[in-house]
There are 2 protein chains.
Amino acid sequence: MSTINDVSRLAGVSKATVSRVLSGSRGVKEASRQAVLKAAEELKYRPNVIAQSLLSQSTGCIGVICAQDNINQSTGYLYALEKHLSQHQKHLLLRFANNKGEVMQALEELTCGLCDDVLIIGARFELNISDENIILVDCMDGDTGNSIQFDHAFAAETACNFLIKQGRRQIALINPEHAGGVEPVLLGYKRALENNFLPFNRNLIFTDASSSSVALQVLLNNSTTLNFNALLVADELEAQRAITQLQAFNKSVPDDIMVFSLAGSLNLPGIPTIPAIEYSMDAMAARIVAWLNQKTHSVLGSYVLRGDLIIPDMSGRK
Amino acid sequence: MSTINDVSRLAGVSKATVSRVLSGSRGVKEASRQAVLKAAEELKYRPNVIAQSLLSQSTGCIGVICAQDNINQSTGYLYALEKHLSQHQKHLLLRFANNKGEVMQALEELTCGLCDDVLIIGARFELNISDENIILVDCMDGDTGNSIQFDHAFAAETACNFLIKQGRRQIALINPEHAGGVEPVLLGYKRALENNFLPFNRNLIFTDASSSSVALQVLLNNSTTLNFNALLVADELEAQRAITQLQAFNKSVPDDIMVFSLAGSLNLPGIPTIPAIEYSMDAMAARIVAWLNQKTHSVLGSYVLRGDLIIPDMSGRK
DNA sequence: CTGTTAGCGCTTTCAT
DNA sequence: ATGAAAGCGCTAACAG
C-alpha cells in the first residue's frame, strides 16, 4: 500500500499539502490540487485509517456484544444496527457472549482503543457496569449507566387489553424472563385487569424460572377447574413451543386459547401468525446511532422503547 | 486513558522498559518489573491497540461481508465464525450487503488498514474479485481467488441416494439457486440416478429462477400424469414453503412426498423435521481461521466443504 | 539490564 | 499557499 509520502513525492509537494487536498482541501492552489489528485489516483492511494485513528483518538468502531440467547432475534438487531451504523461511517465489531465472564472478557478486549463505544445487547444476567460509554440494550440492569430498555409493562398491558377486547378474560402468563425482571410485566398485566374491572387470579401466573413447558402442563392439568382462554408468553419461540404443546392436548389455537407473544413473532409460511408485541429494530438502531453521534454522551440516561401491537390477519381463518 | 509515558514516569523507568515488561518481559531486573507492574496496575494502564496496529501494520480485524439473503443462515455463520476468531485474538467486523455495489462499498471502507483480511459470505451475484486476502465463502464466483465452496454436487448426490434407498424413485428438483449455479446440483442428481439405474425425467426438474411456488404448482397440476414422491429444494425456507403448499393440496409430507432440503433444516418445536444436508459451520469457521493464521495466504486456492446428511428421527411418527 | 532514538502514517500548528 | 516539524502511543534497534 502506498503512503502519503509516496504521493507527496510523486506530486512534488509536501505531505501537508497532500493531506490538505484529501481532507479539508481549502487554501490550496489549483495546480497542486490537481497534481496531488493525479498522483493519488495513479498510486491508488488510500489514507490509512489506523494512522488517522491514532491521531484522532477514535476509530469509528462500535463494539456490539451480543448476549442474547434467542439467536433468532439477534439477527434482527444486528442487521438494523449495522445498516444505521454504516450510514454514519461507523463500523460494527461483533462479539457473542453467553455469561458475565464472557461479556467482561469481550469488554476488556474491545476497550483498549479499538472501539469508541460498546453496546451490550440482551444480557439476562447482572452486569453492574457504570462506564460512561457503554450502552446496555434490553439488558437486565438497565438502572445503572446508559441504557435502552423495552417497556415491558406497556407491552403486557397492551397485550391484556387486546385479549380482553377479544373476549378473553382468563389470561394465563408464563415465565416472562424479561430483561427488567418479571415485575414490569406483572404490573402491566394487573393494570389492564384493573382497568377492565377483572379479578386477578394468582393461579394463572407462572413467574418462576423453571421450565415453561412444565408451567403450561400445570395449567393444562388443572384446566377442568381452572379455565384460561389466553396465554401470554415471553417470545416467539416460547409461543411456538406452547402452541405445539396445547395442540397436543387438543386445545385449538387460537379458538380455545389465544397465544400472545410479548416479544416478536415467527413469520414462516405454514405457521399461523399470532398476535404479538414487536419492537422496531429500526427505531432502536436510530436511537442508538443518534446517541453515539452526540459527543456529550452522558445525557441519555435510560431510554424506554415501546413495542407495536401486531395483529395477525384473521380474515382467511376458518 | 493513561499512556505508556504515564506508566514509565510513575515507575521511574523508560518507556522501553515498560514495553518490555508488558510484552516480552525478558531481560528485565525484577525490581523494575515490579515497579512497572505496580504502576500499570495503579493507573489501570492498557496498551493502546491502535498504536500497536500502526506499528505492526495489522489490526487483528477480519471484515465479514454478509451478502446472504437467508438471514436465518447468516446467524449460524456469524456465531461460529466469531467464536473461532475471538479464540485467536481476532475481531469480527460485520457488514451486510445485498448487491455487488454494496459489497464493493463495504470492501472499500474495510480495506484502508482497518482489516487484515476480508470474508465475503453467500453472495449470489458475480463479484470478480482477485485480491489475495479476500476469501469468498459460499459465493457465486468461487473460481477466482481464494474461496471456500460447498460441495453441491455431493449434496445432491447424497440426497438422491438417500431418497432412492427410502424407496423414492421419482425425485423432483426445484430452483436450487446455489452458489455455484445449478450445474453441480444437476450433476449430483444425475450421478445418483445413473448409479441406481434410474431414468432421468427432465419434467421433474425446475431450474429457472422463476418462483419456486409456481414450479411446485406445475408439478401439482400435472401430478395425475407426472408422478413424484420426493422433492429436493434449496434450503429450509424453501422446504417450509413447499411443505405448506403440498399440504394445502392434500399431499402428506413425508408419506406422499418426502421433502429434502439441500442446505440446512428448520428446527422448531411443532414443525416436523425433514431430511437435509447440513454444513458444519464449525468446520467452516475452523478452516477459515486456519487459513487466516498462516501468513502465506495464497496457498488455499479453493477449498470444498461437504455437508452432513441429517436424517430426522421417524420413530415417533404415526 | 536499560535508556535514547527513530519511526509506523497521518494531521496540524507555525512559520515563511 | 505551502513546507518543516511536532507528535498521537507504541515497539525495536542500538548503544551504553
Side-chain angles (χ1 to χ4, degrees), chain A residues 1-40 42-61 89 91 108-116, chain B residues 1-40 42-61 89 109-116:
Chain A
M1 208 57 188
S2 50
T3 76
I4 197 172
N5 284 305
D6 304 326
V7 179
S8 74
R9 210 172 307 131
L10 182 61
V13 297
S14 73
K15 301 194 309 181
T17 302
V18 175
S19 177
R20 275 189 275 258
V21 170
L22 268 40
S23 333
S25 190
R26 67 171 187 216
V28 178
K29 207 202 302 172
E30 187 57 23
S32 339
R33 226 181 76 83
Q34 292 305 332
V36 168
L37 257 26
K38 180 159 167 292
E42 199 159 321
L43 295 167
K44 293 190 196 317
Y45 168 71
R46 317 253 312 278
N48 184 320
V49 293
I50 293 302
Q52 293 178 319
S53 296
L54 184 57
L55 206 61
S56 67
Q57 301 283 34
S58 86
T59 61
C61 288
Q89 284 75 253
H91 303 287
E108 194 86 348
E109 292 177 30
L110 294 178
T111 54
C112 313
L114 227 196
C115 294
D116 297 341
Chain B
M1 210 56 186
S2 50
T3 77
I4 198 172
N5 284 304
D6 304 327
V7 178
S8 75
R9 209 173 307 130
L10 181 61
V13 298
S14 74
K15 299 195 308 182
T17 303
V18 175
S19 179
R20 275 189 275 260
V21 170
L22 269 40
S23 333
S25 191
R26 65 175 191 212
V28 179
K29 208 202 301 171
E30 186 58 21
S32 336
R33 228 181 74 84
Q34 291 305 330
V36 168
L37 258 27
K38 182 159 165 294
E42 200 160 320
L43 294 167
K44 292 187 195 321
Y45 168 71
R46 317 255 309 280
N48 184 320
V49 293
I50 294 303
Q52 292 178 321
S53 296
L54 183 57
L55 204 62
S56 67
Q57 301 284 30
S58 87
T59 60
C61 288
Q89 284 74 255
E109 291 176 30
L110 295 177
T111 54
C112 315
L114 227 198
C115 294
D116 298 340

Rounded to the nearest 0.5 Å, what separation is found between the CG atom of A:L55 and the CD1 atom of A:I50?
12.5 Å
In whole angstroms, the gap separating C1' of D:dA12 from CD of B:Q57 amounts to 14 Å
Examine the base of C:dG9 for any acceptor or donor lying under 3.5 Å from a partner atom in the side chain of A:R46, and report the outcome as yes or no.
no
Could you check how far CG of B:L55 sits from C1' of C:dA6, rounded to whole Å?
11 Å
How many whole angstroms separate atom CZ of A:R20 from atom P of C:dT11?
11 Å
Could you pull out the closest heavy-atom pair between A:R33 and A:V28, with the gap in Å?
N-CG1, 4.0 Å
Do any side-chain nitrogens or oxygens of A:K15 fall under 4.0 Å of OP1 or OP2 in C:dC10?
no
Please give, in whole Å, the distance from C:dT11 C1' to A:I4 CD1?
8 Å
Rounded distance in Å - CG (A:L54) to P (C:dT12)
13 Å
A:Q52 CD - D:dG9 C1' separation (whole Å):
17 Å
A:I50 CD1 - C:dG7 P separation (whole Å):
22 Å
Mind checking if A:S32 touches a base, just sugar-phosphate, or nothing, with heavy atoms under 4.0 Å?
sugar-phosphate
